[in-house]
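Only one structure is covered here, and it is reproduced in the block below.
Residue indices begin at 1 and follow the sequence shown. Note that these values count all heavy atoms, side chains included, but never hydrogens, waters or copies made by symmetry.
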Amino acid sequence: MRRSVSIVRREGLKCYLATCSFVLVASAVLAASPAMAQTLTPDPARRYPLPTYDEDWQFLSDTSRHSDPWDIVKYEKLARGIFVSFGGEARETYEKFGNQDFGLSVPSPNGYLLQRYLLHADIHLGSRLRLWTELNSSFENGRVGGPQPVTDVDKLDLHQGFVELGLIQRDRVNVSVRTGRQEIAVGSGRLYALREGPNVPLSFDGVRAIAQTGAWRLDAWVARPVTTTPGIFDDSSHHEFSVWGAYVTRTGVGHASVDAYYLGWDLQNASFDKGVANELRHTVGARLWRNGLWSYDFEGMYQFGRFGAGNIRAWRVVAEASRGFAGRWNPRVKIDFDVASGDRNRLSPNLGTFNSFFQSGEYSGRAQLLGPSNSIRLEPTLTLAPRRNVSVSTGWGFYWRESEQDGLYGIPGNLIVPSNGVPGYYEGSRPIVEVGWTLNPHLSLHFNYIFVFNGQFEERSVHATTTESYISPWITYRF
């Protein structure tokens, strides 16, 4: 039996390496082609944004602006006012942990491989009606104990599929409604971000309205998160989980921009260090931010609602500031200070743990070792650009528990280290290095390394190892 499993894994690895080789060779051929060389100074309209439904390739109706081999599929006119655009992504990732999950998980000494493939079609039927579909196929090879649930494997499924109707289209006012399965990301990503780090992305089934006028934008939605099951076309709405919200942005307030928002959350059988109960939570927040030579981002959030028979009272405050400098390698220095509340009394029915909803994994690096609930983070970062298409970022994050009466949580809000009555605020520190290299508009290479110094709290609570490590190179190809 063991031999059979070993043979299957070896064959899977061979298949994976063959796939990687194909992607690399195809990318190299495209990069070397004369047409690709013309994009060294790219057309400003030629963008591959995230989320992908923000792509706009209508400028390719002017054939004189064709300069890329993929332009033939990025804009295809079907009839007057009707066109279709195709696109996709292939991402190949290697990950290796040392003492994963505080040394409590079964190790994968040789690491493991992750693959993600996305393919979308964007159909415009006139100026008001749009159909967007996107398929996802994600695989894992080599992880001891098998793939992680939810985030590693989804063989083939509809990741996005929505209809967008333009209700109002005027010079200064645009209002549209999207109905169906879709990604939702707003603001700083501290509450609603794309699930880009994990192998399987996240989407929602629901309705979303978008209104824009001048410097104002309003997003409002009612939705259910989509569950991830590893089979083929078997994902569905989470029937015990609902979310809704309204998010307003005003740009150009002096040199800054302002956000204000309300977000709702209703989850049955939510789990915290305090226990398990139904959670109805409301969040109100505001954000002041600016990009430029001097950049800053200040955000405050307050949460209230019900957790079982008790009340919810939680909060989070974030302050980020950075400064760019003229000189060799264009250095930028940044400091992050982020505090989110924890629960104060295990014996009380009331809950004080902050819920970070669908927080970006960037909070504690690509390894996503720790989420912001019941956490204090102080992290200085230095970013350099040795070349125009190369970035190197290094930082050192220091973490504390906000409350000794609460445990540590992951990015999705799962409890990873219970409090167990262990005193002590200091959680540990993490030096991080990340390198990004954009070879051409389609192909990019990345490398991430994290080392973890765990504090005495983890050691005493769950007999954790004193250190952890994470290394991950990955390659992404988009068209």
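- Judged by distance alone, the side chains of R332 and S322 do bring a donor and an acceptor atom under 3.5 Å apart.
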Exercise. For the pair F204 and F358, evaluate ring-ring contact (aromatic ring centres under 6.0 Å, His included) and give the outcome as yes or no after the intermediate values.
Key: CA-CA 11 Å; F204 300 81; F358 310 100; 5.0 Å; yes

Self-check item: Criterion side chain to side chain donor-acceptor pair (under 3.5 Å) on N420 and S461, from CA distance to verdict
Solution: CA-CA 6 Å; N420 285 334; S461 176; 3.1 Å; yes

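- Between the side chains of E468 and N454, at least one donor N or O sits under 3.5 Å from an acceptor N or O.
- With T476 contributing its side chain and R91 its backbone, the two residues share no donor-acceptor pair below 3.5 Å.
- The structure places CG of L415 at 13.0 Å from NZ of K274, a figure rounded to the nearest 0.5 Å.
- With S137 contributing its side chain and L156 its backbone, the two residues share no donor-acceptor pair below 3.5 Å.
- Among all heavy-atom pairs drawn from A270 and E279, the shortest one is CB-OE1, 3.2 Å.
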Exercise. Begin from the C-alpha positions of Y302 and H282 and carry the test side chain to side chain contact (heavy atoms under 4.5 Å, CB included) through to its verdict.
Key: CA-CA 8 Å; Y302 180 73; H282 308 278; over 6 Å; no

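- Remark: aromatic rings of F307 and F272 are close, center separation under 6.0 Å.
- In R47, the CZ atom is not crowded: 12 or fewer heavy atoms of neighbouring residues, nucleotides or ligands sit closer than 6.0 Å.
- D235 and T229 share a side-chain donor-acceptor pair at under 3.5 Å.
- Ring-plane geometry between Y477 and H442 is classed as parallel, the angle between the planes falling under 30 degrees on a 0 to 90 degree scale with a further cut at 60.
- Across T249, T251, D259, a single residue satisfies side-chain hydrogen bond (donor to acceptor under 3.5 Å, both in side chains) together with W289, and that is D259.
- We find the CG-CZ distance between D266 and F241 to be 9.0 Å, quoted to the nearest 0.5 Å.
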Practice problem: Dump the intermediate steps for side chain to side chain donor-acceptor pair (under 3.5 Å) on Y112 and E95, then the final yes or no. | Solution: CA-CA 6 Å; Y112 51 90; E95 292 188 337; 2.7 Å; yes

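- Between Y449 and F447, the gap from one ring centroid to the other reaches at least 6.0 Å.
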Quiz item: After noting the C-alpha distance and the side-chain angles of Y409 and T353, does the key distance pass the side chain to side chain contact (heavy atoms under 4.5 Å, CB included) rule?
Solution: CA-CA 10 Å; Y409 297 83; T353 308; 3.9 Å; yes

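- Heavy-atom neighbours of Q456 CD from other residues, nucleotides or ligands within 6.0 Å: at or below the threshold of 12.
- Remark: E402 does not engage R377 in a salt bridge, criterion side-chain N to carboxylate O under 4.0 Å.
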Quiz item: Could you go step by step and tell me if E427 and S375 meet the side chain to side chain donor-acceptor pair (under 3.5 Å) rule?
Solution: CA-CA 9 Å; E427 187 274 327; S375 181; over 6 Å; no

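- Heavy-atom contacts from other residues, nucleotides or ligands closer than 6.0 Å to CD of E196 number more than 12.
- Under the 30°/60° scheme for interplanar angles, the aromatic rings of W132 and H120 are found to lie parallel.
- Here R366 does not pair with E434 in a salt bridge; the nearest charged N to carboxylate O distance is not below 4.0 Å.
- Using a 30° and 60° split on the angle between ring planes, F398 and W396 fall in the parallel class, below 30°.
- The heavy-atom pair separating L119 from G87 by the smallest distance is CD1-O, 3.3 Å.
- Heavy-atom minimum distance, R116 versus S138: CG-OG, 3.6 Å.
- The side chain to side chain contact (heavy atoms under 4.5 Å, CB included) search around I416 returns F102, L370, L408, N414, not counting sequence neighbours.
- The two residues P372 and S356 have their closest heavy-atom pair at CG-CB, 3.4 Å.
- Side chain of N199 to main chain of T151: no donor-acceptor pair is present (N/O by atom type, distance under 3.5 Å, no hydrogens or angles).
- The main-chain N or O of A309 is found under 3.5 Å from a side-chain atom of R306 such that the two form a donor-acceptor pair.
- Between G231 and D157, the closest heavy-atom pair is O-OD2, 4.4 Å.
- For the residue pair R224 / S242, a side-chain donor-acceptor distance below 3.5 Å is found, with atom types taken as modelled.
- Partner Q303 forms a side chain to side chain contact (heavy atoms under 4.5 Å, CB included) with one of N355, L351, V284, L263 and no other, that one being N355.
- More than 12 heavy atoms of other residues, nucleotides or ligands lie within 6.0 Å of CH2 in W474, so this atom counts as buried by the packing criterion.
- Atom CG of L293 sits about 8.0 Å away from atom CZ of F325, to the nearest 0.5 Å.
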Self-check item: Worked verdict on Y94 versus L113 for side chain to side chain contact (heavy atoms under 4.5 Å, CB included)
Solution: CA-CA 5 Å; Y94 170 80; L113 301 162; 3.7 Å; yes

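- For the residue pair Q115/N141, the side-chain donor-acceptor check at 3.5 Å is satisfied.
- If you check the side chains of Y192 and E183, you find no donor sitting under 3.5 Å from an acceptor.
- Judged purely by atom type and a 3.5 angstrom limit, N448 has no side-chain atom pairing as donor or acceptor with the backbone of S472.
- Nearest heavy-atom pair across A185 and L194 is CB-CD2, 3.7 Å.
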Practice problem: Decide yes or no on side chain to side chain donor-acceptor pair (under 3.5 Å) for Y426 and E458, but give the supporting numbers first. | Solution: CA-CA 9 Å; Y426 185 61; E458 294 98 309; over 6 Å; no

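- Ring geometry for Y261 against Y247 counts as parallel: the plane angle stays under 30°, on a 0 to 90° scale with 60° as the upper cut.
- Using a 4.5 Å heavy-atom cutoff, the side chains of L135 and L158 are in contact.
- At distances below 3.5 Å, not a single donor-acceptor pair connects side-chain atoms of S393 with backbone N or O atoms of T383.
- Without hydrogens or angle criteria, R346 side chain to Q405 main chain gives no donor-acceptor distance under 3.5 Å.
- Salt bridge annotation for D406-R401: absent, with no cationic side-chain nitrogen under 4.0 angstrom from a carboxylate oxygen.
- E299 contributes atom CD, which lies 10.5 Å from atom CG of L288 (distance to the nearest 0.5 angstrom).
- In this structure, H159 NE2 and L202 CG are separated by 7.5 Å, a value rounded to the nearest 0.5 Å.
- For the pair P198/Q368, a side-chain contact is recorded, criterion being any heavy-atom separation below 4.5 Å from C-beta on.
- For the pair R178 and Y53, the cation-pi criterion (under 6.0 Å, within 45° of the ring axis) is fulfilled.
- Residues F97 and V452 fail the side-chain proximity criterion, which asks for heavy atoms closer than 4.5 Å.
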Exercise. For Y425 and E404, run side chain to side chain contact (heavy atoms under 4.5 Å, CB included): C-alpha distance rounded to whole Å, both residues' side-chain angles, the deciding distance at 0.1 Å, then the answer.
Key: CA-CA 6 Å; Y425 289 96; E404 287 186 308; 3.4 Å; yes

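- To the nearest 0.5 Å, atom CD1 of residue I411 and atom OG of residue S364 are 4.5 Å apart.
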